[in-house]
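Note sheet for the following structure.
Order of the sequence lines fixes the chain letters, A, B, ..., with proteins taken first and strands second; residue numbering starts at 1 for each chain.
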Protein chains: 2
Amino acid sequence: MSETPAPNAAASPAVPADDLLITPICAIFRRFLKRQGLKFTTERAQTLDVVLGKERVFEADELLDEMKSAGHRVSRATVYRTLKHLLEAGIIREVLIDSNKAHYELSFGKAPKGHLVCVETQRIVEFPTAELDALMQRICEENGFDPVSHRFVVYGVSPEAQKAEQAEQADSDS
Amino acid sequence: MSETPAPNAAASPAVPADDLLITPICAIFRRFLKRQGLKFTTERAQTLDVVLGKERVFEADELLDEMKSAGHRVSRATVYRTLKHLLEAGIIREVLIDSNKAHYELSFGKAPKGHLVCVETQRIVEFPTAELDALMQRICEENGFDPVSHRFVVYGVSPEAQKAEQAEQADSDS
DNA sequence: CTTGCTGCAAAAGTTTTGCACACGT
DNA sequence: ACGTGTGCAAAACTTTTGCAGCAAG
């Protein structure tokens, strides 16, 4: 059951480049489904809708909660199944933040981002990764690989957590 | 229950730099444990021993199997508990390969490595990441973070998998 | 109508934990 | 002796799956 991680490459054959900017993502998803002999159901539409509202990294359970809050009646199973399709359609991509649960982000049309994660508070800051794309190319060439995507995660202690730590120190001194 | 990912930084205060090259890792682990008021047990020694033999990325269950093969009687629970301590001691680090299970590698004294993963065969190639250390510094400075570590994973299609794919194409043409 | 989809509940896979007993220091 | 550690089995969590009824094309 080892899972193929976010095959962004699948997005390229999915939609002609020209359509990328003018076609609503919803239509793109519908086309993707049709091409695979799959159906565009209410649940899938609602899931996509909530996903499109996400500006940051999210996880499956969080998405489910948000959908229920939005008044959509959808099962956990369906959310997981739909996330798989959104991955294959290249509309979202997987972000590796920790090894316990999957994290996703909207990827449509956007360049891959780096993620700076606070090891104390789990706060996540995104940053652009222009130089990493070049590095990916080079590494792949050197090893005969065909590049698909890359992930760069930096772990550190956020300013907030640093302050909290200092406060703790002061406490133990008293 | 969110888990702190491989705090490599914990390694620095653990052992004076001079000892790094002359002290057996076993002694370093023992010291680390003593400092924390923990005990150096047979099971922990055996786990460290098997871990030291690993040249590549490994996972918890794989480690347990290998230990049993080596004739060590140890429980799964103890392996997991010991991995936590090895992480804190900075002797191993976590490698994010997929979001279903944790992967580790021996990190002692070694610079962080990048990983090139084949999305088809899961084969992993390591590569050095000198330029990424500098990038980590810069990103952390820009955001007021205190750098701890970083992970860079590139996904691609390995030469083997490319060949297999071409063979498949040829098949469907016939 | 035919085929795929949903929800439920159960299963599967990894990691954690409570408890009684055993072992380093 | 004291305070940790260990093993076991159960629990916790995320993700997957089988199945019966339901809905899209």
Got a salt bridge between B/K101 and B/E62, using NZ or NE/NH1/NH2 to carboxylate O under 4.0 Å?
no
D/dT6 phosphate, OP1 or OP2: any side-chain N/O from B/T41 under 4.0 angstrom?
yes
Within the structure shown, what part of the strands sits under 4.0 Å from A/R73 by heavy-atom distance: base, sugar-phosphate, or nothing?
sugar-phosphate
Of B/R76 and A/H85, the one whose closest DNA chain C nucleotide lies more 5'
A/H85
Minimum-distance nucleotide (side-chain atoms of A/A77 versus D/dT4, C/dA9, D/dT15):
C/dA9
Between A/E94 and B/S99, do the side chains contain an N or O donor and an N or O acceptor separated by less than 3.5 Å?
yes
Ion pair B/E142/B/R138, N-O distance below 4.0 Å
yes
Side chains of A/D98 and A/H103: is there a donor and an acceptor less than 3.5 Å apart?
no
Looking at the base of D/dG7, is there any donor atom on it, or on the side chain of B/R81, that sits under 3.5 Å from an acceptor on the other one?
yes
Quickly work out the B/K34 NZ to C/dG24 P distance and round it to whole Å.
15 Å
Side chain of B/F40 (C-beta onward), nearest among C/dT3, C/dT25, C/dG24
C/dT25
Tell me if the side-chain of B/K101 makes a donor-acceptor pair with the base of C/dG13, cut-off 3.5 Å, by modelled atom types.
no
Please report the distance, rounded to the nearest Å, between CG in B/N100 and C1' in D/dC13.
12 Å
Among D/dC8, C/dT6, C/dC5, the one nearest any side-chain atom of A/T78 is C/dT6
Out of D/dG7, D/dT15, D/dA23, minimum distance to the side chain of A/K39 belongs to D/dA23
Select base, sugar-phosphate, or nothing to describe what B/R44 touches, counting heavy atoms under 4.0 Å on all strands.
sugar-phosphate
Atom CZ of B/R31 and atom P of C/dT25: how far apart are they, to the nearest Å?
15 Å
Take B/R30 and B/Y80, find for each the nucleotide of DNA chain C with the closest heavy atom, and name the residue whose nucleotide sits nearer the 5' end.
B/Y80
